[in-house]
There are 2 protein chains.
Amino acid sequence: MSKEELKRVSDSKTTRLVKKGEPIFKEGEKLDGVFCVRDGVSKLSKLSANGKDQIVKLASKGEVIGQRSVVAEESVNLTAVAVSDMEVCFIPKEGIVSTLHTNPNFTLEVLRHMAHDLKEADDVIVNMSQKNVKQRMAEAFLYLKKNFGEDEEGFLRLVLSREDISNVVGTAIESCIRIISEFKKKGYLKTSGKKIGIADEKALNNLIEGF
Amino acid sequence: MSKEELKRVSDSKTTRLVKKGEPIFKEGEKLDGVFCVRDGVSKLSKLSANGKDQIVKLASKGEVIGQRSVVAEESVNLTAVAVSDMEVCFIPKEGIVSTLHTNPNFTLEVLRHMAHDLKEADDVIVNMSQKNVKQRMAEAFLYLKKNFGEDEEGFLRLVLSREDISNVVGTAIESCIRIISEFKKKGYLKTSGKKIGIADEKALNNLIEGF
DNA sequence: CGAGGCATTGAACTATGTCAAACCATGTGG
DNA sequence: CCACATGGTTTGACATAGTTCAATGCCTCG
């Protein structure tokens, strides 16, 4: 983006604090801008007919949410809720839309980003439909480690409730709990309070590969 | 796109016939262009660790396949196979990439398209993880009707093998077959040879909604 | 201390996958 | 024309993964 554009965006953006559990936007709303995550993590989920949420993506620092809706000029198809206390900045759509029309490099950048999201979504589809719950659980933990890291003691930085985990994996809470305790017993995971740590990454990988 | 650009693309494109069952491209390959479906239907699928294909999308006349890979400059993440005899035209990536860099309206158009695909993918994720096999089967038939239409006698135009259907729905062939015969017995579907027709659309919708 | 919310466990139930056998249309070579 | 291999389809019986419901424990906050 040109300096001028950058300045315009930077002038018009506003930051906002969102407490854990609070929504940033909800399915069906119309957004007049996008949000950029400054700090914290947000879950992007969708309510299904049976009343359960499915978490489709977790967005953290540096990620932009709501672009799909702004780009397509449609209402949002996902609900964004803070999983930890967050700081987000809001960028109104006017600036974005006009830049999209005039600056091909910016548009291309957004396009590449969306291409990446789409690929990830395809992978999720395959995982959801072809892998069993244990394998999906294993995937989820490795994903959490890869994307959010571990603390000094080897526990996952991002702490999710069992319910959130089951909404990522697409299973009943009880199944999720049982599998965590099974993994713990087998030495694949360790826990401390709500914190979960990966103890045997290789075993989890083997599980996913079907060994 | 400007006339000039359009001319360039139109000059460089070549058309190709693909017989039913033949691949257009395979997962992992590098594409040097995109394909536009002139006629027929292609299934886009991905092989999972357990050896089963998952069909992620069905592309028909007018749709472009392979853009994600060209835009992101990565190898393809899906395999495209013809489900019926096809005519596709190939558009080499040089023209596309240069246009992406120079023509923001074209880029934006592509971006909007991808935004739409992404939304659909999110929907599929939710369906896959939150709905049971019967509901997913019902969805699949309604999808086939909506996207590919029916013939004069009310049978779905696109005829898929039971295996393809089960790869769309993400289930075992036998489960798929059993559900088709159950739906038939209940009067939701009708069949004639391999052709399947929707007899009671409302009932299928109710099933999906969970009634 | 008591209430509410999350986590855990057990037991019963159901949906779905798996395996094996039978079936049917189709094409092939004798 | 028949015998037979072939590949997709169908059905039955069975095993298992996963869900659901109900009860209990456990922690935190007022």
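Just the heavy atoms: all of them, side chains too, but no hydrogens, waters or symmetry mates, feed the values below. Residue numbering restarts at 1 for every chain, and letters A, B, ... go by the order of the sequence lines.
Side-chain nitrogen and oxygen atoms of A:S175 include at least one within less than 4.0 Å of the OP1 or OP2 phosphate oxygen of D:dT19. Listed pair B:T171 / C:dG17 meets the phosphate criterion, a side-chain N or O lying under 4.0 Å from OP1 or OP2.
Evaluation of atom-type donor-acceptor distances gives a pair under 3.5 Å for the side chain of A:R178 against the base of D:dT20.
Note on B:D122 versus A:R68: no salt bridge recorded, every NZ/NE/NH1/NH2 to OD/OE distance being 4.0 Å or above.
Nearest to the side-chain atoms of A:V133 among the listed nucleotides D:dG18, C:dT18, C:dT8 stands D:dG18.
Remark: C1' of D:dG18 and CD of B:Q130 are 14 Å apart, rounded to the nearest angstrom. In this structure, A:R162 places its CZ atom 10 Å from P of C:dT9, rounding to the nearest Å. Taking atom CD1 of A:I180 as the reference point, atom P of C:dA7 lies 9 Å away to the nearest angstrom. For the pair B:I165 CD1 and D:dT9 C1', the interatomic distance rounds to 12 Å; values are reported in whole Å. One atom, CZ of B:R136, and another, P of C:dA15, lie 14 Å apart when rounded to the nearest Å. For A:Q135 and C:dG17, the CD to P distance is 14 Å, given to the nearest whole Å. Here D:dT19 presents its P atom at 11 Å from CG of A:N132, a figure rounded to the nearest Å. Taking atom CD1 of A:I173 as the reference point, atom P of C:dG5 lies 13 Å away to the nearest angstrom.
Counted by atom type alone, B:T79 and B:K46 present zero donor-acceptor pairs between their side chains at under 3.5 Å.
Two residues, A:K134 and A:E174, neighbour DNA chain D, and the one matched to the more 5' nucleotide by heavy-atom proximity is A:K134.
Judged by distance alone, the side chain of B:E139 and the main-chain N or O of B:N127 form no donor-acceptor pair under 3.5 Å.
Counting heavy atoms from C-beta on, the side chains of B:I165 and B:M137 come closer than 4.5 Å.
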